[in-house]
Amino acid sequence: WGKEVEDTFKVYVPLNTHINNRCVVKIIDDIEDRTFDVVGEPEYWNRFHMFRKIILQVQRKSTV
C-alpha cells in the first residue's frame, strides 16, 4: 500500500537518543552533506529490541 518515496528513510537509534519531531538531523558523508526533518513522533520499540524508530525526510529547499 502507498508509494515508494525516495527522500524518506527509516533510522533506528538507541533509546537514550533525545530526538523529537522538531529536530533537524544533519548527516555528513564523503559525497554530500544533507539535512533531514524528523517526520512524526519517534516510535519506541522496547519490547524485544532497545531502540527508537524515526523517519527522516530530506529537507527541501525553496526554489523561489
Side-chain angles (χ1 to χ4, degrees):
W1 295 94
K3 63 180 181 176
E4 184 176 331
V5 182
E6 295 182 7
D7 65 347
T8 304
F9 303 93
K10 294 178 189 171
V11 179
Y12 300 92
V13 296
L15 279 177
N16 60 356
T17 304
H18 300 288
I19 193 163
N20 59 32
N21 63 351
R22 295 181 305 268
C23 290
V24 174
V25 177
K26 183 168 188 164
I27 296 178
I28 301 171
D29 61 12
D30 296 337
I31 300 169
E32 162 183 32
D33 297 345
R34 296 187 286 178
T35 53
F36 298 86
D37 291 320
V38 176
V39 178
E41 286 293 326
E43 296 178 27
Y44 289 93
W45 291 59
N46 59 3
R47 176 91 186 240
F48 300 108
H49 307 288
M50 302 304 278
F51 58 82
R52 298 172 79 177
K53 175 182 157 189
I54 57 173
I55 298 176
L56 299 177
Q57 184 176 45
V58 175
Q59 268 190 337
R60 297 188 173 106
K61 298 179 178 106
S62 60
T63 57
V64 177

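The residues of the chain are indexed from 1 along the displayed sequence. Fair warning: this is a prediction, and the values are worked out from it, not measured in the lab.
- Note that CD of Gln57 is 10.0 Å distant from CZ of Phe36, once rounded to the nearest 0.5 Å.
- Put simply, Val58 and Val39 are part of two different groups of oily side chains (I, L, V, M, F, W, Y) that touch within less than 4.5 Å, one to the next.
- Contact annotation: the side chain of Thr8 approaches that of Ile55 to within less than 4.5 Å [non-hydrogen atoms, C-beta and beyond].
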* Asked: Step by step, would you call Val38 with Val25 a side chain to side chain contact (heavy atoms under 4.5 Å, CB included)?
  -> CA-CA 7 Å; Val38 176; Val25 177; 4.2 Å; yes
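- Interatomic distance, Phe9 CZ to Arg34 CZ, rounded to the nearest 0.5 Å: 5.0 Å.
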When the side chains of residues 14-21 are checked against the rest of the protein, which donor-acceptor pairs come out under 3.5 Å, sequence neighbours left out?
| from | atom 1 | to | atom 2 | distance (Å) |
| --- | --- | --- | --- | --- |
| Thr17 | OG1 | Pro14 | O | 3.0 |
| Asn20 | OD1 | Arg22 | N | 2.9 |
| Asn20 | OD1 | Cys23 | N | 3.4 |
| Asn21 | ND2 | Glu41 | OE2 | 3.1 |

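- Cluster partners of Ile28: none. The rule joins Ile, Leu, Val, Met, Phe, Trp and Tyr whenever side-chain heavy atoms lie under 4.5 Å apart, and it links nothing here.
- If you chain together ILVMFWY residues whose side-chain heavy atoms come under 4.5 Å of each other, Val24 ends up in a group of its own.
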